[in-house]
Structures are given as C-alpha cells and as structure tokens.
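The next block holds one structure in the form of structure tokens; read it before the comments.
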Amino acid sequence: MSGQVVLVLDDEEPMRRLCGRVLASMGLEPLFAGTLCEALEKLTGLERLDALVADMRLPDGCGLEAVRAARAKFPLAGVLIITAFVDGDEEAGELAALAGGADGVLLKPFAVESLEAAVKCRLDLGA
Amino acid sequence: MDFLAKILVVDDEPGMREMLAFELGQRGYEVASAANGEEAMARLRAERFQLVISDVKMPKMGGIQMLEALKKLDPGVEVIMSTGFGTIETAVGAMKKGAYDFIQKPFNLDEMAALVEKALEKTELKAVLGVYESSKAVLSSLKLEELLPLVAGLAVKVLKADDASIMLRSGSGCLEVAAAAGLSRERGNACLLPGESVAGLVAQDGEPVIINGPLKDDPRFGGLESSYAITSAIVYPLYADAGLLGVLNVNRVGRPEQFTAADLRYAAVFCSQISQAIRNAELYRRLGERLKEIQGMQAQLVRSERLAAVGQLSAGIAHEINNPLGGIMGFAEMLLKSGLSGQQREDAETILRESRRLRDIVQDLLRFGRGGMGKSEPVDLAGALESALRLAAFELRRAGIAVERSLAPGLPKVRGDGGQLQQVFLNVVMNACHAMEGGKGGRLRVLASAADGRVTLRFEDNGTGIPVENLDRIFEPFFTTKPSGKGTGLGLSVSYGIIQEHKGTIRAENVPGGGAAFVVELPAMREAGEEAV
Ligand SMILES: Nc1ncnc2c1ncn2[C@@H]1O[C@H](COP(=O)(O)OP(=O)(O)OP(=O)(O)O)[C@@H](O)[C@H]1O
Ligand SMILES: [Mg+2]
C-alpha cells in the first residue's frame with residue numbers, strides 16, 4: 001500500500017483531520033485541500049492519485065468539479081464523496097454524485113469503519 | 001261560493017239600500033247594509049269590509065262623520081260617497097278626508113258598478129302593497145330561526161287571523177311546525193306526513209286551500225278531525241327553487257268572519273315573500289359555510305406553506321448539524337480505538353451514543369420537513385413509529401408519560417410514504433400526550449400486529465377521552481378543543497387524508513375506564529418473495 005496517494009477535500013478542518021487520522025491509521029499519508037481551488041491546484045501538480053475523498057458543498061464550488069478533474073487525469077483513481085446531504089434529499093444527492101463520476105457516497109455523520117472500508121475498497125479497485 | 005269582496009251600503013232610504021244590495025249581489029259581491037253612520041260603524045268594527053258606499057246626509061251620524069271615524073279605525077277600507085244635488089261641495093270635502101270618489105244621485109247602475117270595481121282594485125292594490133311593505137321589512141332578517149316566528153306573527157296581523165303556523169319539510173319529508181303565533185302556540189308540535197291532515201294535503205297537491213266552516217263539513221277533508229274550533233282557514237304552500245318548502249297555515253277561530261278570495265290573494269303575496277326570505281336565509285347560510293370553507297382552505301395553505309418553509313429550514317439545519325456531528329462521532333470512535341481507561345471508555349461511548357441519537361433526530365426532522373407527497377416505497381412501520389416516538393420523546397417525558405410498546409415481531413412492510421406515515425403517528429402521539437398532560441400516571445400503549453393482509457396499529461392512552469358527541473367530528477378540519485394557538489384542528493384531518501391515500505383507515509374510540517384509542521389499519525405489502533425488490 002505504501003506510495004499510494006490519497007487527497008482529502010473538505011472545507012471543515014475537523015473533518016479533514018478526522019479523515020487524516022483514519023487514513024493514517026490505515027498506513028496512508030493523505031494530502032489535504034480546504035477549497036475547490038486548492039484541490040484543483042493540487043491535482044494539477046500530482047503525478048499519481050489513488051483515491052480522492054471529497055465533500056460536495058464547498059465555499060468556492062461543488063466537490064464534483066474536483067471529481068471530474070481527478071477522473072480526467074487519473075481514470076483509475078477511486079473516488080468517494082462524503083456529504084451531509086445534497087438538496088435536501090440523500091438519494092438525489094447520491095445519484096448526482098455517482099453521475100458526477102464518484103464510486104461511492106458516504107453520508108455525514110458516518111462511522112469510522114465505513115470510511116475505512118470505503119477507502120480500502122477504492123484503493124483495491126485502483127490497484 | 002267565494003265573493004269578490006264585501007261591501008257595506010249605508011243609506012237612510014231603504015229603497016236605495018235594497019236596490020244596491022240586489023244589483024251588487026248580482027255582480028258577485030257580498031253586500032250588507034246600514035241605515036246610518038252609527039249603525040255602519042258598529043258593523044265596521046265587528047267585521048272587515050273592503051268598500052263602503054255611503055250617503056252623506058243621514059240621521060244620527062252623517063256620512064262625513066262616519067268617514068272620519070272609519071279612516072281612523074281602518075284606513076284600508078275605501079269609501080264611495082253618494083250625494084244628492086246640492087251637496088257636491090260636501091262630497092269634495094269628503095274626498096279630501098279620504099273618500100275614494102263620489103257619485104251623484106240618481107246614478108246609472110253601470111256607472112256605479114264601474115266605480116265600485118275601480119275602488120276595489122285600489123283597496124286590493126293597497127292591501128297587497130301593505131302586505132308587501134310590512135313583510136319586506138320583517139323578512140329582511142337572514143336567520144331562519146329569527147325570521148319564522150316574525151313571519152307567523154305578521155301573518156296573523158296581515159290576514160286578520162287568530163293563529164298562524166309555518167310548517168317546514170324536514171329531511172325525512174315530514175312537515176314539522178317551525179314557528180307559530182297566536183293560539184296555535186299552545187298546541188303541541190305536530191309532525192305530519194304528506195297527505196295527512198289539511199297541511200299534508202296541501203303539501204302533497206301544492207294547491208292553496210280555503211276552508212270555511214267546520215273542517216268535518218268540508219267534503220275535501222272528510223274524516224279529518226280538527227282539535228279546536230277553526231271556523232275559517234287558509235293553508236298555502238311555500239315554494240322555493242328546489243320545490244316545496246312547507247306550508248303557511250292561518251286560522252280564524254270561533255268567529256263568523258271567513259277568509260275570502262281577496263285574503264287568499266294576500267296570502268299569495270305574503271307567501272311568495274316568505275319563500276323568498278327563506279331562500280335568502282338559506283343562501284346566506286350557504287354563503288357562511290362557503291366562507292368558512294374558503295377560510296379553511298386558506299389556513300391549510302398557510303399551514304402547508306409553513307410546512308414547506310419548515311422543510312427547507314430543517315434541510316439547511318440538518319446540513320449544519322451533520323457536519324460537526326460527523327467530527328464528533330468520528331473522533332469519539334477514534335478515541336475508543338486508542339486504548340482508553342474503563343471510565344474514559346464509558347465517557348467516549350456516551351458521546352458516541354448521544355451523537356447517534358442526535359443524528360437520528362436530524363434525520364427525522366429532515367424526513368418530516370420534506371413531507372414528500374405520494375411516495376410509494378416499502379415502509380417499515382416499526383421504524384416510522386420509533387421515529388415518531390423519538391420526535392415526541394421530549395414532550396412525552398415532560399408530561400411524565402410512560403410509553404409501552406407491544407410490536408409483533410416481523411411486521412410486514414406497507415407500501416407508501418414513510419415520512420407521511422410518520423407524520424400521522426406523530427400527530428396521534430402528540431394528541432395523546434396533550435390529552436394526558438397534567439394528569440398523573442399518563443400511559444401511552446402502542447400495539448402493532450398483522451392479520452389478514454393488514455397491519456393494525458393501536459395507540460391507547462389513559463387521558464381525558466373524547467366526548468361521544470365529538471367522536472364524529474375530530475377528523476373534520478379545524479375541529480379542535482384546544483385553546484387557540486395550541487391546536488389548529490388540522491392534525492387528524494391531515495392524518496385521515498394520508499391514511500386514506502394509503503388505502504387504510506383511521507378511527508377513534510373511547511377506552512373503558514377512561515382514555516382514547518386511535519386505530520390505524522394499513523394494507524400489508526405482499527411477502528418479500530412475491531414483491532419484486
Ligand atoms: N387522544 C385523544 N384524547 C382526547 N381527545 C383527543 C385525542 N386525540 C384527538 N382528540 C381531540 O380531537 C381534536 C382534534 O385533533 P387534531 O389533531 O385534529 O387537532 P388538534 O390536536 O386540536 O390541533 P393540531 O393537531 O392541528 O395542532 C383535539 O382538539 C381533541 O379534542
Ligand atoms: Mg393534533
């Protein structure tokens with residue numbers, strides 16, 4: 001698993017840190033972005049991406065844009081959306097996220113095990 | 001036979017009296033005579049005449065004096081003065097005092113007959129106008145219960161009757177006394193079937209009837225018994241657009257003056273007005289109902305708008321809560337994995353458990369606020385029930401109410417909208433909570449079972465119960481016994497609508513020993529094997 005690159009995109013610091021802790025406990029060393037801009041920048045500079053964990057609602061745009069950019073450059077990367085909910089309807093949000101190119105959606109608040117399992121699943125897919 | 005009108009001839013010459021009595025009698029009038037003013041007044045006080053033909057110069061009381069007295073007694077009676085030569089000035093003076101016209105003796109009989117006819121037309125017009133005017137004022141009242149007694153009273157006055165009653169057709173088609181005036185007020189309230197009694201016959205045939213003389217002597221009503229001495233009666237049908245409304249019944253009791261064809265015509269005018277007034281009252285009542293309906297619709301609109309606003313708001317709030325909640329739950333889990341001491345572990349577990357509760361409440365709020373219409377998906381009733389109880393948990397606890405659940409295991413799902421069903425349960429639970437508030441030992445029992453393809457939920461409380469007279473009404477929109485601001489009375493009507501859309505039923509009953517029970521029945525979904533997933 002070493003050498004795998006995971007990018008966490010969320011505008012809330014505690015959420016970034018939580019994801020960071022979970023990923024670190026899995027032996028990964030994630031990168032972080034707090035805005036869509038920052039995420040797009042990071043993606044441009046990256047040579048490799050194995051997984052993207054992205055929030056939907058961001059202060060400067062929709063997380064799905066980062067998903068599209070990641071998909072374009074790294075077709076094999078696993079993509080996981082973490083969101084409180086979208087447009088008042090979990091299912092609609094889920095559909096939108098999947099249509100936007102995500103492999104899965106995790107609703108906040110989620111259990112730590114769910115995040116672990118989901119990320120593991122994306123990485124295995126990508127590997 | 002009915003006479004055209006009653007005329008009093010006043011003349012001191014017997015020849016003149018006899019001649020006029022004969023000639024006018026031939027033309028269909030009922031004629032009486034008097035020899036002087038005094039005699040005439042005595043008769044006029046005792047019975048009603050439409051017209052008086054009077055000589056001017058008579059012993060005891062002259063024509064002018066009599067005219068003055070008569071106009072004071074009853075201005076509606078017309079007077080024609082017949083004068084000899086030389087008294088024309090007096091005749092003109094008489095007209096100023098209210099006589100209709102004068103005719104010079106000796107007169108041509110045809111001329112006299114034409115004048116009589118004209119005078120009577122005027123009296124009739126005046127009488128009808130009088131009926132019209134007086135009734136119009138009275139009948140402007142729009143409340144039937146106020147209107148009808150006034151009408152009955154007016155009928156007694158206008159038709160110079162001793163009693164009057166108005167019978168209206170009830171829902172079952174029976175005629176029931178709706179109002180009475182005069183003597184008949186003392187009679188018990190009758191209820192007649194069409195065809196029964198005079199009123200019943202009029203109602204059946206729709207034709208007005210005059211009865212003169214004792215009822216049993218009238219061939220049309222042979223066999224009908226009258227309980228008191230009615231000497232003359234008019235029974236007149238009352239019509240409205242929809243058909244017969246009822247009948248007006250006016251009677252003269254124990255006296256010789258009988259109703260005439262003219263009275264029947266007054267009754268016609270009068271009755272058309274009553275019908276109009278009843279129609280107006282009915283329209284007014286319906287207007288009021290419609291108004292209430294529209295107000296109701298408006299309130300419902302406001303409520304659903306408010307619900308929509310709550311929905312949007314709760315969606316926003318849910319987002320704001322779920323984000324930090326994600327952090328709280330996540331870090332609590334992380335803590336639990338980091339080898340805590342026993343006490344620390346317990347504390348972290350508490351944080352996690354309470355956060356999960358918060359998450360569930362937010363989800364309930366979301367689902368409630370969204371209120372999506374007409375979803376059709378498998379709904380787990382136990383889940384919807386628990387959600388409702390969770391939303392009501394605070395209120396239940398505050399009122400000190402114990403909740404007992406008895407849910408049969410493996411309840412089948414039902415097809416429909418989980419959010420809506422949850423709304424129904426919440427409503428019923430909150431109502432029970434309100435009914436038990438303030439009392440001691442409140443207990444809400446929730447029972448769920450399935451049989452014969454139906455799932456039955458029973459919410460039983462030991463609160464105030466529902467007064468029997470309200471049992472039919474609690475599902476009506478806006479029916480509430482709660483002080484304004486506390487209840488809109490929409491809860492159960494909305495619930496009723498939702499359950500109906502789910503092809504189920506909801507009903508209420510009182511529990512022996514106090515309290516109410518609401519029973520919701522919903523069709524169960526077929527077994528998982530049969531239902532495509
Ligand atoms: N469990 C119960 N025990 C006694 N009375 C009840 C019970 N449930 C309902 N009722 C009666 O039925 C009425 C109508 O209930 P409904 O839920 O439609 O309106 P509400 O509770 O008064 O107002 P809302 O629900 O709109 O806030 C109540 O006002 C109450 O009188
Ligand atoms: Mg209610």
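Note that the structure is a prediction, hence the values are computed from the model and not measured. Residue numbers begin at 1 in each chain, while the letters A, B, ... track the order of the sequences.
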Polar side-chain atom of [X] near backbone of [Y] as donor-acceptor pair, under 3.5 Å:
X        : Y        : result
B:Arg415 : B:Ser376 : yes
A:Asp60  : A:Cys37  : yes
A:Ser114 : A:Phe110 : no
A:Lys42  : A:Phe32  : yes
A:Glu38  : A:Gly34  : yes

> Do A:Glu41 and A:Thr44 have a side chain donor and acceptor closer than 3.5 Å?
Replying inline: no
> If we ignore angles and hydrogens, is there a donor and acceptor under 3.5 Å between the side chains of B:Gln423 and B:Asn427?
Replying inline: no
> If you count heavy-atom pairs under 4.5 Å with chain B, which of A:Asp55, A:Ile82, A:Leu115, A:Leu18 comes out on top?
Replying inline: A:Leu18
> Is the centre of the B:Phe459 ring less than 6.0 Å from the centre of the B:Phe518 ring?
Replying inline: no
>> What residues of residues 5-12 of chain A make heavy-atom contacts with chain B at a cutoff under 4.5 angstrom?
In response: A:Glu12
>> Sort by residue number and list every residue of residues 394-409 of chain B having at least one heavy atom under 4.5 Å from chain A.
In response: none
> Should A:Glu116 and B:Lys337 be marked as a salt bridge (charged side-chain N to carboxylate O under 4.0 Å, His left out) after you check the CA-CA gap, both sets of side-chain angles, and the distance that decides it?
Replying inline: CA-CA 13 Å; A:Glu116 272 173 8; B:Lys337 286 187 178 171; 3.0 Å; yes
>> Within a 6.0 Å radius of atom CD on A:Glu113, are there more than 12 heavy atoms belonging to other residues, nucleotides or ligands?
In response: yes
